[in-house]
Amino acid sequence: KRKLEHTSFPSYSTSTTCKEDNIYDTKATLGAEAASKGLELLSKILKEKGSANIILATGASQFEMLGELVKAKVDWSKVTVFHLDEYIGIPESHPASFRKYLRERFVELVHPAAFYAIDGEMDPREECARLNKIIRKHPIEVAFVGIGENGHLAFNDPPADFDTREPFIVVELDEACRRQQMGEGWFPTLEDVPQKAISMSIRQIMKSSTIICSVPDGRKARAVKNTLEEPVSQLVPASILTTHKDAHLFLDQRSASLLKQP
């Protein structure tokens, strides 16, 4: 691994940048290191507070990281879990359902204190209101997130709303995002990918005390470069992470391949 150079964005902050950005040789090592960092923080929080609230991302980029999390000797019965997004209009039985993804890969394996799933079959506005009421009572200590091929954070596609203070919002999915979902094998055709979703907002993600961001694969290389080397912009939603006081970015050789060499 090697250290990435840090870049400040004075228009947002002169004192905070992404921390401990590391590049690993393989996707598996990336996932293990990201999980290790999150677990280190989580163990400390549980020892100090007796409980913790976390956010989990989904998608192909999170397989290895989640696989390591569920192996850990953590008292998950004291951990409350939220997730980032869900398609509107698909049942939990659908292969692409993110609540299905997390139940099978995490919830049913570790049995956390609570899992507040986003129900994409409910009325979207009512579901957002329900979740907003809940998450406002659960300050997030650790958020495990990823970055999309178009630079999105959760399903906040460009140009993302950096201003809304609502924790969960209804969003339109752009074509690049929908093509990514098809390309990862979740849907057979582009027409099958929903055009709307419920997503955690940018401001809500940024309220997390610590952010662990796992971004493997060469198809994410342009998004990583834009996130770290371009000015913070709603056109590159993930670029906002560079202003967070405790954000940690984990890359592999392929996702880091377009970055300037230090």
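Each residue takes its place number in the sequence, starting with 1.
- Not a single donor-acceptor pair under 3.5 Å links the side chain of Glu86 to the backbone N or O of Ser199.
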Residues 191-198, side-chain donor-acceptor partners within the protein, below 3.5 Å, at least two apart:
from	atom 1	to	atom 2	distance (Å)
Asp192	OD2	Thr189	N	3.2
Asp192	OD2	Thr189	OG1	2.7

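- No cation-pi contact links Arg99 to Tyr101, judged by a cut-off of 6.0 Å to the six-membered ring centre and 45° from its axis.
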Side chain to side chain contact (heavy atoms under 4.5 Å, CB included) between Gln181 and Tyr87, worked out: CA-CA 11 Å; Gln181 310 314 312; Tyr87 300 103; 3.1 Å; yes
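- Nearest heavy-atom pair across Ile135 and Gln204 is CD1-NE2, 3.6 Å.
- Legend: salt bridge (charged side-chain N to carboxylate O under 4.0 Å, His left out) pairs involving residues 42-59, not counting sequence neighbours, sorted by first then second residue: Lys49-Glu141.
- Considering Leu249, Leu30, Ile147 as possible partners of Ser214, the one that fulfils the side chain to side chain contact (heavy atoms under 4.5 Å, CB included) test is Leu30.
- Residue Ile212 holds its CD1 atom at 12.0 Å from CD1 of Ile55, rounded to the nearest 0.5 Å.
- Lys220 places no side-chain N or O within donor-acceptor distance of the main-chain N or O of Val215, the cut-off being under 3.5 Å.
- Under the salt bridge (Lys or Arg N to Asp or Glu O under 4.0 Å) criterion, Arg136 pairs with Glu166, not counting sequence neighbours.
- Considering every non-hydrogen atom in both Lys71 and Gly67, the closest pair reads CG-O, 3.3 Å.
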Before giving the answer on side chain to side chain contact (heavy atoms under 4.5 Å, CB included), spell out for Trp76 and Leu42 the whole-Å C-alpha distance, their side-chain angles and the decisive distance to 0.1 Å. CA-CA 10 Å; Trp76 294 108; Leu42 194 55; 3.6 Å; yes
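- The distance from atom CG of Leu109 to atom CG of Leu66, rounded to the nearest 0.5 Å, is 10.0 Å.
- At a cut-off of 3.5 Å, with distance as the only test, a side-chain donor of His248 or Asp246 sits close to an acceptor on the other residue.
- With hydrophobic clusters built from ILVMFWY side chains whose heavy atoms lie under 4.5 angstrom apart, Ile90 shares a cluster with Leu190.
- Closest approach of Ala247 to His244, counting heavy atoms only: N-ND1, 3.6 Å.
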Go through it in stages, so that I can follow the logic: the residues are His83 and Tyr116, the test is side chain to side chain contact (heavy atoms under 4.5 Å, CB included), and I'd like the CA-CA distance, side-chain angles, deciding distance and then a yes or no. CA-CA 7 Å; His83 64 121; Tyr116 291 108; over 6 Å; no
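- The heavy-atom pair separating Ala160 from Ile202 by the smallest distance is CB-CG1, 4.3 Å.
- Within the structure, every pair that satisfies the salt bridge (charged side-chain N to carboxylate O under 4.0 Å, His left out) test and touches residues 247-259, not counting sequence neighbours, is listed here: Asp217-Arg254.
- Taken from CD1 in Ile211 to OG in Ser209, the straight-line distance is 9.5 Å, to the nearest 0.5 Å.
- When atom types are taken as modelled, the side chain of Asn156 and the backbone of Leu153 share a donor-acceptor pair closer than 3.5 angstrom.
- Among residues two or more places apart in sequence or in another chain, the side chain to side chain donor-acceptor pair (under 3.5 Å) test is passed with Ser201 by none.
- Here salt bridge (charged side-chain N to carboxylate O under 4.0 Å, His left out) pairs that include residues 145-154, with residues two or more places apart or in two chains, are Glu149-Arg219.
- Listed for the Thr29 side chain is no donor-acceptor partner under 3.5 Å among the backbone atoms of Asp25.
- Every residue was checked against the salt bridge (Lys or Arg N to Asp or Glu O under 4.0 Å) condition with Arg222, not counting sequence neighbours, and none meets it.
- Using a 4.5 Å cut-off on side-chain heavy atoms (C-beta onward), Leu251 and Tyr24 make no contact.
- Using a 4.5 Å heavy-atom cutoff, the side chains of Pro237 and Asp157 are not in contact.
- The backbone N or O of Ile240 sits less than 3.5 Å from a side-chain atom of Thr243, completing a donor-acceptor pair.
- Counting heavy atoms from C-beta on, the side chains of Leu228 and Thr242 come closer than 4.5 Å.
- The main-chain N or O of Ile134 is found under 3.5 Å from a side-chain atom of His138 such that the two form a donor-acceptor pair.
- When side chains are defined from C-beta on, Leu258 does not count as touching Val224, because their heavy atoms never get closer than 4.5 Å.
- With Thr164 contributing its side chain and Asp161 its backbone, the two residues share no donor-acceptor pair below 3.5 Å.
- The aromatic rings of Phe98 and Phe155 lie tilted to each other, with the angle between the two planes from 30° to 60°.
- In this structure Gln180 satisfies the side chain to side chain donor-acceptor pair (under 3.5 Å) test together with Glu184, sequence neighbours excluded.
- Evaluation of the side-chain contact (heavy atoms from CB on, under 4.5 Å) rule for Arg103 yields Glu92, Glu108, Phe115, Ala117 as partners, not counting sequence neighbours.
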Using the rule given for side chain to side chain contact (heavy atoms under 4.5 Å, CB included), can you reason through Leu241 versus Cys213, listing the C-alpha separation, both sets of side-chain angles and the distance that settles it, and then say yes or no? CA-CA 9 Å; Leu241 292 175; Cys213 186; 4.0 Å; yes
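- Between the CZ atom of Phe250 and the OG atom of Ser61 there is a distance of 13.5 Å, given to the nearest 0.5 Å.
- Annotation for Val79 and Pro112: closest pair O-CB, 3.2 Å, computed over non-hydrogen atoms.
- To the nearest 0.5 Å, atom SG of residue Cys128 and atom NZ of residue Lys133 are 15.5 Å apart.
- Put simply, the side chain of Glu127 never gets that close to the backbone of Met122: no donor and acceptor are under 3.5 Å apart.
- Put simply, the side chain of Leu69 does not reach to within 4.5 Å of the side chain of Val74, judged on heavy atoms.
- Here the shortest heavy-atom pairing between Pro216 and Ser255 reads C-CB, 3.9 Å.
- Phe106 places a side-chain heavy atom less than 4.5 Å from the side chain of Leu56.
- Within the 3.5 Å criterion, the main-chain N or O of Glu64 finds no donor-acceptor partner in the side chain of Glu68.
- Aromatic rings of Phe187 and His94 (six-membered ring for Trp) have centroids within the 6.0 Å cut-off, being under it.
- Remark: Glu104 engages Lys100 in a salt bridge (Lys or Arg N to Asp or Glu O under 4.0 Å) (not counting sequence neighbours).
- The pair Glu175-Arg178 does not count as a salt bridge, with every side-chain nitrogen at least 4.0 angstrom from each carboxylate oxygen.
- Listed by chain and residue number, Asn150 satisfy the side chain to side chain donor-acceptor pair (under 3.5 Å) test with Asp174 (two or more places apart in sequence, or in another chain).
- No side-chain donor-acceptor contact under 3.5 Å links Ser208 to the backbone of Val142.
- Take Arg203 and apply the side chain to side chain donor-acceptor pair (under 3.5 Å) test, not counting sequence neighbours, and it matches no residue.
- Between Asp85 and Thr58 the shortest side-chain heavy-atom distance falls below 4.5 Å.
- Interatomic distance, Asn132 CG to Lys137 NZ, rounded to the nearest 0.5 Å: 12.5 Å.
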